[in-house]
Amino acid sequence: MSRFWSQVVRDLTPYIPGEQPKISNLIKLNTNEHPYPPSPRVVAAIQAELGDDGSRLRLYPDPNADLLKTAIAAHYAIERNQVFVGNGSDEVLAHVFMALLKHEQPILFPDITYSFYPVYCGLYGVNYRTVPLADDFSIDPADYCGQPNGGIIFPNPNAPTGCLLSLAAIEQILAANPDSLVVVDEAYIDFGGKSAISLVDRYDNLLVTHTLSKSRSLAGLRVGYAVGHPALIEALERVKNSFNSYPLDRLAIVGAVAAIDDQAYFEQACARVVASRDHLSSALTTLGFTVLPSAANFIFVRHPEHDASQLAAALRQRNIIVRHFKLPRIDQFLRITIGSDSECLALSDALREVIA
Ligand SMILES: *Cc1c(COP(=O)(O)O)cnc(C)c1O
């Protein structure tokens, strides 16, 4: 605290990201990164952009990242003016809160969800009301129908539960809220769900956000995007061009294009994670854990006889880090990122030892 702090800064409660430890040889299963590298085409594209002497880095990147918007539009068979891109989907989401979710009425999101949402509300002065998940930790679409609101946002699959909502349920929410924006944060959709991007031409109140951080193995490159009606995209462009004209650098643009274009590699890498998830889920079930059904690249688990924070500490002693949230309703759960096959094996071996 200092006398130079603005009132806004005094009142902020910043998001706390999962630990990025500086020591090596840790098995890092705490921030939902992909266990396998990005497509080799990404590396080649970045190397080509760098060239021999990096002289292209003298020049600003394309402020509109048109190459990337074109690649994303082609991928989903939509128009380029239905696509917004940003420096990670967190930045895209920040612009969404300021541009499209700040209204008189409070916005709605689940009580258990991505903990960045209330942080953006604090930053931009957006009122919100949380809606409790059902007892089985699913989102009940009926809870989002018939109550006035300034907008709705939820991840699908939800984080940190991994539970998936069907497209029919999302349509139910969209149809019941024609005058509210419904934002579906699809950070994990590629690991087992159907994207709501297929609905954007039918619902002008739908915005879908994606990231290349999880399913495309590019958390370090910082690329995210949003898809929706051109008028929604225009609102985001207005905020972006009042904040930072060049959110994506040259390497990020060409790397992201290469990642989007390599469909075969992407499908194979996601399928490997899904196979490991299903295998790990049954291994932990055998050890007595309750494993919520996950459509993401993580699982949310609890053991009826072992305290979650003690389990996390015991894993940490064995050089494995997972995520534990000290929050109501979920403080007995651990969120475990799906690692490589050998990492998953090390995790289940460690847990077997700890609970023995
Ligand atoms: C990881 C994550 C994001 C942010 O992704 P970035 O593109 O890395 O900023 C957004 N929403 C949810 C639910 C996430 O888990």
Side-chain angles (χ1 to χ4, degrees), residues 14-20 28-35 38 42 65 68 72 83-97 101 107 109-121 123 130 133 137 139 152-165 170 182-193 195-197 207-227 236 240 243-244 247-249 252-253 255-256 259-260 270 273 277 292 294-300 322-323 325 327 330 333 335-338:
Y15 176 75
I16 304 167
E19 185 188 353
Q20 295 293 344
K28 199 177 166 303
L29 305 177
N30 67 329
T31 51
N32 298 342
E33 289 136 328
H34 202 291
V42 171
L68 178 56
I72 294 167
V83 181
F84 177 78
V85 295
N87 191 261
S89 65
D90 284 340
E91 184 186 79
V92 174
L93 288 167
H95 292 340
V96 170
F97 275 76
L101 291 175
I107 66 165
F109 50 79
D111 61 339
I112 297 164
T113 195
Y114 188 36
S115 46
F116 226 135
Y117 301 156
V119 174
Y120 291 132
C121 289
L123 177 60
T130 58
L133 294 179
F137 295 100
I139 290 175
I152 294 169
I153 182 167
F154 52 85
N156 194 41
N158 195 11
T161 62
C163 297
L164 183 73
L165 201 58
I170 289 172
V182 178
V183 182
V184 184
D185 176 351
E186 294 191 333
Y188 302 103
I189 196 73
D190 298 325
F191 297 105
S195 174
I197 288 177
L207 188 76
V208 182
T209 63
H210 270 237
T211 175
L212 275 67
S213 297
K214 314 287 171 41
S215 59
R216 306 261 177 187
S217 309
L218 288 171
L221 203 64
R222 310 306 305 132
V223 183
Y225 56 95
V227 174
L236 297 174
K240 172 247 173 192
F243 179 77
N244 176 6
L248 291 188
D249 62 60
I253 292 170
I260 299 281
C270 287
V273 172
R277 176 187 74 208
L292 296 193
S294 171
N297 68 335
F298 57 84
I299 51 176
F300 205 48
V322 299
R323 195 94 194 254
F325 299 93
L327 294 172
I330 56 168
F333 279 87
R335 192 196 68 191
I336 303 172
T337 303
I338 305 305

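Nothing fancy with the numbering, it's 1 onward along the sequence. Whatever order the structure lists ligands and atoms in, that order sets their numbers, starting from 1.
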- Salt bridge between Glu33 and Lys28, side-chain N to carboxylate O under 4.0 Å? yes

When you check ligand 1 against the protein, what N or O pairs turn up below 3.5 Å? List the atom names and distances, or just say none.
unit_1, atom_1, unit_2, atom_2, d
ligand 1, 5 (O), Ser89, OG, 3.1
ligand 1, 7 (O), Ser89, N, 2.6
ligand 1, 7 (O), Ser89, OG, 3.1
ligand 1, 7 (O), Thr211, OG1, 2.5
ligand 1, 7 (O), Ser213, OG, 3.3
ligand 1, 8 (O), Ser213, OG, 2.6
ligand 1, 8 (O), Arg222, NH1, 2.8
ligand 1, 8 (O), Arg222, NH2, 3.3
ligand 1, 9 (O), Ser89, N, 3.3
ligand 1, 9 (O), Asp90, N, 2.9
ligand 1, 9 (O), Asp90, OD2, 3.2
ligand 1, 9 (O), Arg222, NH2, 2.8
ligand 1, 11 (N), Asp185, OD1, 3.3
ligand 1, 11 (N), Asp185, OD2, 2.7
ligand 1, 15 (O), Tyr188, OH, 2.5
ligand 1, 15 (O), Lys214, NZ, 3.0

- Those residues that, when tested against Tyr114, pass side chain to side chain donor-acceptor pair (under 3.5 Å) (two or more places apart): Asp90

- Identified side chain to side chain contact (heavy atoms under 4.5 Å, CB included) partner of His210 from the options Val227, Ile197, Val184, Val83: Ile197

- Taking the side chain from Arg323 and the backbone from Asn32, do they hold a donor-acceptor pair closer than 3.5 Å? no

- Message: Is the distance between the ring centroids of Phe325 and Phe300 under 6.0 Å?
- Response: no

- Message: Please tell me whether Asn158 and Tyr188 have a donor and an acceptor in their side chains that are separated by less than 3.5 angstrom.
- Response: no

